[in-house]
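See structure below.
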Amino acid sequence: MFETFKTAMLSLLANKSRSMLTMLGVLIGVAAVITMIAVGTGASRQMESIMSGIGSNVIMLMPGSNRQGGIQLGSGSGRQITYADAMAIKNECPSVLEVSPMVSSFTQVVLGNQNWATQTQGVTTGAFSVNVWNIAEGSFFSEADVRGATKVCLLGSTVATNLMGEGNEAGAIGQSIRINKVPFEVVGVLAPKGAQFGNDQDDVVMVPITTAMRRLVRSQIADQVRNVSIQVINADSVTAAMNEVTALMRQRRGTAEGRDDEFTIRNLAQMIESARQSSQVMALLLGAVASVSLLVGGIGIMNIMLVSVTERTREIGIRMAIGARRGDIRFQFLLEAMILSLLGGAIGILSGFGISQAITKFLGWQTEVSIYSIIISAGFSGIVGIFFGFYPAWKASLLRPIDALRAD
């Protein structure tokens, strides 16, 4: 066995360039499969993280579409949602636990000689439970701050780091910062939440919604909000809550029966689950396409091994003449094919891991190389070596010693 393995390795090393080119197809195929599975798995993990961050019982109320002159203007162009609508939903819908209306604007935040461009969100205290925000330093602002339109704020960890420096985020508590030249007192720093769909959730400043509407956001409607996140009592009550909110909003707007709603309600859990399933399907499709490279690599192995059989016909004849059996000849050529395939697969696994890390670093996509993807790739590369190496090995074993010895 060892001698056979040694002979196979010497034969492959005798033609290094050809062996490397033969392995290339398998290498590319395995690397592509590893990368695609890593991207798909990472996307699934990200969706699960997002779902755990918002819960499975959150729905979103947004402005609907508007029609002018027979032209549909698209989502968000319809009648706007107001702060009063949000409060009515909280007070009058039995299946609703909490609401989080939100306004936002891009602002310049200044602290001393440091400044940072970020998104400032005006929210109620309900946002902290609905959107699962935790505090890292200081405290949340209170209902009294919302009622009194107090000039206090919470900094996301990214903003705190850029204003105070790495490791000094806690020093922001009690500081006075200027948001679009309006002074605000920092009362807390939010715990990090990470990226969502490529967006940094921690690059944010939160202020009481009443303060934002009066000081930072200018709109034609005095209490207009961008959207309302609605937390339902439990996941089983989502459909009931959507029906209650729909009925209440139609009533508040005087929408006649038979007319379309002027707003949109979406179940975030269903949207995220649909996105997760879509990402999995896409990963499987890309993995299937990548598997074609394995097939091409296998065909390359078979072609090279057939050439090798032709070149080594006299060697085969000599080995058979001194006592080698057909099975020995078959096993040697099959072993060479397997070595080429497995080496290509091993390098492909390392390459796939490196590519996955590069995608995470440079593109910001979450990737995860799982052990099962490595096992699958290694198994496939071994199977490719056996499957495509069998015919050349079988052909070599069928040579008659006398004919092989006569070959040039």
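Numbering of residues begins at 1 and proceeds along the displayed sequence. All values derive from a computational prediction rather than experimental measurement.
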Worksheet entry | Stepwise side chain to side chain contact (heavy atoms under 4.5 Å, CB included) check, S100 with V228 | CA-CA 5 Å; S100 173; V228 182; 5.9 Å; no
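- For the pair G171 and Q175, the tightest heavy-atom approach, listed with the atom from each and the gap, is O-CG, 3.3 Å.
- Side-chain contact of E169 with T161: a donor-acceptor pair under 3.5 Å is present, judged by distance alone.
- With 3.5 Å as the limit, one finds a donor-acceptor pair spanning the side chains of T107 and T120.
- With contacts defined as side-chain heavy-atom distances shorter than 4.5 Å, the pair T246/D261 qualifies.
- The closest side-chain donor-acceptor pair between E244 and S95 falls under 3.5 angstrom.
- A donor-acceptor contact under 3.5 angstrom links the side chains of D145 and T150, judged on distance only.
- E143 and T125 share a donor-acceptor pair across their side chains, judged by distance under 3.5 Å alone.
- In this structure the side chain of T211 never reaches within 4.5 angstrom of the side chain of L216, judged on heavy atoms.
- A heavy-atom distance below 4.5 Å is found between the side chains of L340 and M305.
- The distance from atom CE of M164 to atom CD1 of I177, rounded to the nearest 0.5 Å, is 11.0 Å.
- A search for side-chain hydrogen bond (donor to acceptor under 3.5 Å, both in side chains) contacts involving R226 returns S104, not counting sequence neighbours.
- Taking every heavy atom of both residues into account, L248 and C93 meet most closely at CD2-SG, 3.8 Å.
- Remark: F331 CZ to M338 CE distance equals 8.0 Å, nearest 0.5 Å.
- Checked for salt-bridge contact, E185 and K151 miss the test: no charged N lies under 4.0 Å from a carboxylate O.
- No donor-acceptor pair closer than 3.5 Å links the side chain of T82 to the backbone N or O of D223.
- A donor-acceptor pair is defined here as one N or O able to donate and one able to accept, closer than 3.5 Å; such a pair exists between the side chain of D200 and the backbone of D202.
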